[in-house]
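Notes follow the structure.
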Amino acid sequence: MSFRRALSLACGVAGGSAVLVCAAVAADKHGYFADRCRLRETLAAVHAAQPPAWPTANGWDYNWDKRDPSSLVNGKRKESAGDSGSPDAENSKPKATRHIFLIRHSQYNLKGDGDKERILTALGREQAEYTGHRLAALGLKYDVLIHSSMTRATETANIISKYLPGVELVSCDLLREGAPIEPVPPVTHWKPEAVQYHEDGARIEAAFRRYIHRADPKQKEDSYEIIVCHANVIRYFVCRALQFPPEGWLRMGLNNGSITWLTIRPSGRVALRALGDSGFMPPDKLTRT
């Protein structure tokens, strides 16, 4: 059997570069290559054709929220592995999972003069009803409903709260809409001044640090928290939580009233269970203003 045919069969069966490399090396031993240069050229071509290696576990920063119990015990960095079995170390370990539902506000009046006049449209109020019904239908025990202090987010949260009786409503200025960081690639239709990125970015980052982190060690049960805010804030939160480049936030689109679901495990692992889910609304009710 010729080398070319053997190589073709090997690749067809295994479909992997490792087999290709092994076949090339074996062929060299049997004299199929006239010299070492041809072997080196073949292996170099195989290597160049491979996609970049996927990041290893070491690429994930487990202390991204500065709450990794393996690095802190009673506020001090552990000095040795022997401390891991101490009562302080065990007490500092989170045990609960946090589920965070990021809700984009419903459609609002874009022609309003200032925030107070940018109230929800009739369709926007209807969208919020759908979102509230969907959250209630999940059958979860929600702990709190936090919302941006902007009018459109406040109105959306108030409508949703009708479906979640007993859930505390909390307003927060940090969650207001803004320009978190200059997007890459840039866009031509939206170009805030550099000072806006500087001011809004610090505020939105502060909101991320306040709300997106693993559970406190004192938390005994899993929690379910709702945050009603804005598209830019949500997209930035998702990039930061997943340790994706935050400059990519504008590459995602979110419908009005949509649900984005983040899960944060005690270990610091983060999962995106839903991004901009709005499938619970009829197609003719979907907007992205």
Side-chain angles (χ1 to χ4, degrees), residues 14-22 43-73 75-85 89-90 92-102 179-187 197 200-217 219 222-223 225 227 231-254 259-277:
S17 61
V19 173
L20 181 59
V21 173
C22 291
L43 295 180
V46 170
H47 177 74
Q50 301 311 304
W54 191 256
T56 64
N58 294 331
W60 176 263
D61 179 11
Y62 280 93
N63 199 27
W64 60 273
D65 59 353
K66 309 306 177 188
R67 296 168 184 247
D68 184 358
S70 66
S71 63
L72 295 173
V73 176
K76 298 181 179 179
R77 185 170 297 277
K78 284 170 48 179
E79 298 297 335
S80 68
D83 294 336
S84 60
E90 288 300 317
S92 68
K93 290 183 178 180
K95 300 174 178 60
T97 295
R98 294 184 67 212
H99 297 271
I100 303 172
F101 296 84
L102 301 167
I181 190 172
E182 190 169 357
V184 177
V187 293
Y197 286 119
D200 291 351
R203 172 178 53 78
I204 296 172
E205 173 64 20
F208 173 82
R209 298 185 186 192
R210 173 178 291 187
Y211 295 113
I212 312 299
H213 55 77
R214 77 191 77 191
D216 187 274
Q219 182 177 323
D222 293 354
S223 59
E225 305 155 54
I227 299 177
N232 294 357
V233 177
I234 294 171
R235 294 181 285 191
Y236 178 79
F237 279 10
V238 168
C239 288
R240 286 281 285 109
L242 296 179
Q243 298 186 26
F244 293 163
E247 296 85 357
W249 64 272
L250 198 51
R251 303 172 203 172
M252 295 178 279
L254 299 174
I259 300 174
T260 295
W261 184 348
L262 283 173
T263 296
I264 307 177
R265 302 294 181 187
S267 64
R269 291 181 180 270
V270 180
L272 180 63
R273 299 185 62 168
L275 176 66
D277 177 24

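Shortest non-hydrogen contact noted between Pro246 and Cys239 is CA-CB, 3.9 Å. The heavy-atom pair separating Pro94 from Pro266 by the smallest distance is O-CB, 3.2 Å. Taking all atoms of both residues into account, the shortest heavy-atom contact from Arg269 to Trp60 is CA-CZ2, 4.3 Å. Val238 and Thr260 make their closest contact through CG2-CG2, 3.9 Å (heavy atoms, listed as atom of the first residue, atom of the second, distance). Across every non-hydrogen atom of Lys95 and Lys93, the tightest pair is NZ-O, 3.1 Å. The two residues Asn232 and Arg235 come nearest to each other via the heavy atoms OD1-NH2, 2.7 Å.
In this structure the side chain of Pro185 reaches within 4.5 angstrom of the side chain of Arg251, judged on heavy atoms.
The structure places CG of Leu272 at 8.5 Å from OG1 of Thr263, a figure rounded to the nearest 0.5 Å. With rounding to the nearest 0.5 angstrom, the CD1 atom of Ile100 is 4.0 Å from the CD1 atom of Ile264. Atom-to-atom distance recorded for Leu262:CG and Leu275:CG is 9.0 Å, nearest 0.5 angstrom. Separation of atoms CD1 (Ile259) and CG (Asp277) is listed at 6.0 Å; rounding is to 0.5 Å.
Using the six-membered ring where Trp is involved, His99 and Trp261 have ring planes that are perpendicular, over 60° apart on the 30 and 60° scheme.
Side chain of Arg240 to main chain of Tyr236: no donor-acceptor pair is present (N/O by atom type, distance under 3.5 Å, no hydrogens or angles).
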Would you list the atom pairs, donor with acceptor, under 3.5 Å between side chains in residues 207-214 and any protein atom, with sequence neighbours excluded?
residue	atom	partner	partner atom	Å
Arg209	NE	Glu205	OE2	2.7
Arg209	NH2	Glu205	OE2	3.4
His213	ND1	Arg98	NH1	3.4
His213	NE2	Arg210	O	3.1
Arg214	NE	Asp65	OD1	3.1
Arg214	NE	Asp65	OD2	2.9
Arg214	NH1	Ser267	O	3.3
Arg214	NH2	Tyr62	O	2.3
Arg214	NH2	Asp65	OD1	2.8

